[in-house]
Participant: 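What follows is a structure written as structure tokens; I'll ask about it next.
Order of the sequence lines sets the chain letters (A, B, ...), proteins ahead of strands, with each chain counted from 1.
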Amino acid sequence: MLDDRLEGAPRKKALVEVRGLKMYFPIHTGLLRRKTGDIKAVDDVTFDIVEGETLGLVGESGCGKSTCGRAVLRLYEVTDGSVRVDGHEIAHLGPNTLRRMRPTMQMVFQDPQASLNPRMTLASIIGEPLREHTRLTKPEQLERVYELMDQVGLNRDFANRYPHEFSGGQRQRIGIARALALNPKFIVCDEPIAALDVSIQAQVVNLLEELQDRLGLTYLFISHDLSMVRHIADRVAVMYLGKIVELASRDDLYGDPKHPYTRALLSAVPEPDPREESRIQRIVLQGDVPSPANPPTGCNFCTRCPDVMDICRKVDPEYREIAPGHFTACHLYCETTTMPAEPTAAKEAFEPIQQGE
Amino acid sequence: MTDPAANAPAEALVTARPPRNQWLDVWDQFKTHRGALFGLAFFVFIILMVTVGPLLWTYDATFIDIRARNQGPSLAHPMGTDQLGRDMFARMMAGGRVSVAVGLTAMALALMLGTFVGVVAGFFRKFDGPLMRLTDLFLALPLLPLLLVGVLLFRERLNGLFGPELGIFILIVTGIGITSWMPTARIVRGDVLALKEREFVLAARSIGTPPRRLISRHILPNILSPIMVSATLGIATAIITESALSFLGLGFPPDFPTWGRLLFDATDYLQQYPGRVIWPGLAISFTVLSVNFIGDGLRDALDPRIRGR
């Protein structure tokens, strides 16, 4: 379904193709440590990232965003599914072939403090990928390190310093420089701004955008900051409990969210204008996210959905395209493929059920 | 920071200054730790005493002058003489050579074994269970009886192979080494377990660093402080264990002086000549203390977060 659309559309080819990615962590209990279940951190996720675009991946804490990002880079042994990066299947590669693929895909981490080895100088941190993958001599390596530091706006004089001597924003720049060292095509940004001050967030995001323009990078931008994703992403995927519930272009998703969860998420975005703010009708979700070890039958969101129907508790909704480039997994949109069902009508129709809960 | 005008002079400055050797930074920090400097000076002094000292001193450690026995301190014998008229100062230096050598080699052996087992158990999940149970097994072995049995069983064979002195040296060093690596292994394993979940290790994996270099570049430097602490404690326990063995009369041959053997010989005369117990006792204590101070200073100096403060 996805492939058809991509072949039909005269668009750039997909750099990253993820199909049915599953990442389960086994649960061992009892005296004999028998496997008694799985934590379904990422459960059957499918998406593409087109070359040069930014795919935003949003969702609340613990929904599997980071795990998904790491699994795409094969930092975990994936349970099932396929991940193709730049035409190479990497989900089940052996360690040596995988190592040769590493330069194409890199990662920027959430906590800039934790992602830098406190015992290494800045030059050796940024130079590590060069040492691992290139045969540059020491002076050539240093030259490249200086070049990278210029690119991310770090003073060359900092090369001999240690990570603890830098501020959060500078540390994140170090992390970005390290990710850029091998000229990757694809970078997973795992909440790169979550640990930073708001003023620094803007700097780092602008740096990421600038680098994307200059180097033609492709990002998977994981974040829980919806307004930041709106700023940087071309397309946005919303995750809930290990599954993608909605994927659309940024304008479609923010302008016309389909999935009830997306609507709830978007209604929670703070509004800077106090007069506007007072007019916003927040959709407040009741209850907690179910455990990924024991997800509800049917739709994962059925326990908290304001528009829940009987079918939601029985059948898992299919992840399907409801408008060109707009995918969602919700029973509200199952009858008609092109025209979405009236959300308000559905809401009214199932009000009693909701109140009965 | 991104202002090009501010960058320009710095760039000119840097091109003339390549990354500085990290060991120079370490030495700079080490120098600021006064206790560590004292410890280092004393340890160097001890090493010089036991290596160069016997060559310069007029008396041989085994030279018997029966007419000059049980003498007190004098210019000719600064620490007096023992019950056979052997010069105590010469025996202290000769004994120190063995004790320090045993301490350093046994510590190095225990440290390598312990670090290896700890890193492998912590880093590779499938080895964790078996290696840690092995560690528990070794921890349950009583050290001294085991060493005594080892000495009884292997002394003759090693004596035949390497001569009486080197033979017993190898026996004692391996004996102490393989019975004292377990605390290091446990501490190292715990630290590795915590460390390998840190994001910078994940970052190194995402770069494609293979496990062996991941361990040598990211894991080992970060577990240096516990290793350092066990190293300094290890030297101390090794010297003391060797002393205990010699004290029990099962270490080196009776005419071969070590600090522990000197203590053992002197206890018979504790009432009449307490000086003979005090000197080797002091030597052991101060060597151990100096090594502890060195370890303390080194641990601080190797941590860049403390460095420069």
Side-chain angles (χ1 to χ4, degrees), chain A residues 70 73-75 95-96 98-103 105-125 127-129 131-133 138-139 142 145-146 150 152-165 169-170 173 175 178-179 181-182 188 190 203, chain B residues 1-26 29 125 129 194-214 216-225 299 301-309:
Chain A
R70 290 175 184 186
L73 287 189
R74 252 302 288 281
L75 291 176
N96 285 324
L98 184 67
R99 195 171 122 74
R100 278 198 289 281
M101 278 300 292
R102 288 284 181 211
M105 43 187 195
Q106 287 290 310
M107 186 154 185
V108 175
F109 289 87
Q110 171 173 11
D111 185 349
Q113 164 87 59
S115 64
L116 305 174
N117 187 342
R119 306 240 167 193
M120 284 163 81
T121 60
L122 206 159
S124 48
I125 289 172
E128 186 181 5
R131 268 186 283 165
E132 284 301 328
H133 289 286
K138 277 245 163 89
L142 195 63
V145 168
Y146 282 147
D150 290 346
V152 298
L154 283 168
N155 193 325
R156 286 185 176 202
D157 208 21
F158 294 161
N160 291 335
R161 297 204 189 166
Y162 291 88
H164 73 273
E165 296 172 68
Q170 285 171 322
R173 285 167 194 266
R178 170 175 62 188
L182 294 166
V188 173
D190 184 4
Q203 280 185 19
Chain B
M1 185 172 57
T2 44
D3 184 12
N7 265 350
E11 276 171 31
L13 208 145
V14 157
T15 39
R17 205 178 61 174
R20 185 176 145 84
N21 187 349
Q22 292 184 30
W23 293 106
L24 284 175
D25 291 337
V26 171
Q29 174 65 25
R125 209 192 165 92
L195 210 59
K196 75 168 181 183
E197 299 301 327
R198 295 275 296 276
E199 268 192 341
F200 66 82
V201 175
L202 195 71
R205 289 234 314 274
S206 80
I207 285 165
T209 312
R212 57 178 186 283
R213 277 203 287 280
L214 211 127
S216 65
R217 193 179 293 152
H218 296 284
I219 303 277
L220 281 181
N222 280 292
I223 53 170
L224 216 56
S225 14
R299 193 198 53 210
L302 285 170
D303 191 338
R305 279 161 297 189
I306 296 172
R307 212 183 290 157
R309 216 172 261 174

Participant: Locate the shortest heavy-atom distance separating A:Q106 from B:S206; write the atom from each residue and the value.
Facilitator: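 So the minimum-distance heavy-atom pair works out to NE2-O, 3.6 Å.
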Participant: Given that the side chain runs from C-beta out, which part of A:L75 has a heavy atom under 4.5 Å from chain B: side chain, backbone, both or neither?
Facilitator: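 Looking at A:L75, backbone and side chain both touch chain B.
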Participant: Can you give me the closest heavy-atom contact between B:L202 and A:F109, atom names plus distance?
Facilitator: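 For B:L202 and A:F109, the tightest heavy-atom pair comes out as CD2-CE2, 3.5 Å.
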Participant: Side chain from CB out, backbone as N, CA, C, O: work out which of these in A:R178 comes under 4.5 Å of a heavy atom of chain B, or both, or neither.
Facilitator: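 Just the side chain, heavy atoms under 4.5 Å.
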Participant: How many angstroms lie between CD1 in B:I207 and CD1 in A:I125, if you round to the nearest 0.5 Å?
Facilitator: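 Interatomic distance, B:I207 CD1 to A:I125 CD1, rounded to 0.5 Å: 9.5 Å.
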Participant: Measure distances from A:R161 to the heavy atoms of chain B and classify the residue's part below 4.5 Å as side chain, backbone, both or neither.
Facilitator: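 Nothing of A:R161, per the 4.5 Å heavy-atom cut-off to chain B.
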Participant: Can you tell me how far the CG atom of A:L73 sits from the CZ atom of B:R205, to the nearest 0.5 Å?
Facilitator: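 Taking CG in A:L73 and CZ in B:R205, the distance rounds to 11.0 Å.
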Participant: For chain B, find which of A:R74, A:Q113, A:H133, A:K138 contributes the most heavy-atom pairs closer than 4.5 angstrom.
Facilitator: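 Highest number of heavy-atom pairs under 4.5 Å: A:H133.
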Participant: Using non-hydrogen atoms and a 4.5 Å limit, figure out which bit of A:Q110 sits close to chain B: side chain, backbone, both or neither.
Facilitator: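 Contact with chain B is through both the backbone and side chain of A:Q110.
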Participant: Let me know if A:M120 has heavy atoms under 4.5 Å from chain B in its side chain, its backbone, both or neither.
Facilitator: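 When you check distances to chain B, only side chain atoms of A:M120 fall under 4.5 Å.
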Participant: Might you point out which heavy atoms bring B:N222 and A:R119 nearest each other, and give the distance in Å?
Facilitator: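 Answer, listing the atom of B:N222 first, then A:R119: OD1-CG, 3.2 Å.
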Participant: I would like to know whether B:R213 and A:R131 meet side-chain contact (heavy atoms from CB on, under 4.5 Å); could you show each step before the answer?
Facilitator: CA-CA 11 Å; B:R213 277 203 287 280; A:R131 268 186 283 165; over 6 Å; no
Participant: Whether the side chain of B:E199 engages the backbone of A:D111 through a donor-acceptor N/O pair (distance < 3.5 Å, no angle test) should be reported.
Facilitator: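 Side chain of B:E199 to backbone of A:D111: a pair is present.
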Participant: Counting only heavy atoms closer than 4.5 Å, note whether B:R217 contacts chain A via side chain, backbone, both or neither.
Facilitator: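 The answer is both parts of B:R217.
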Participant: Please give me the minimum heavy-atom distance between B:G208 and A:R99, naming the atom from each residue.
Facilitator: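 Closest heavy-atom pair between B:G208 and A:R99: O-NH1, 2.6 Å.
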Participant: Looking only at heavy atoms, which two atoms of B:T209 and A:E128 are closest? And how far apart?
Facilitator: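 In terms of heavy atoms, the two residues are closest at OG1-OE2, 3.2 Å.
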Participant: Where do B:A203 and A:S115 come nearest, in terms of heavy atoms and distance?
Facilitator: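 The pair with the smallest heavy-atom distance is CB-O, 4.1 Å.
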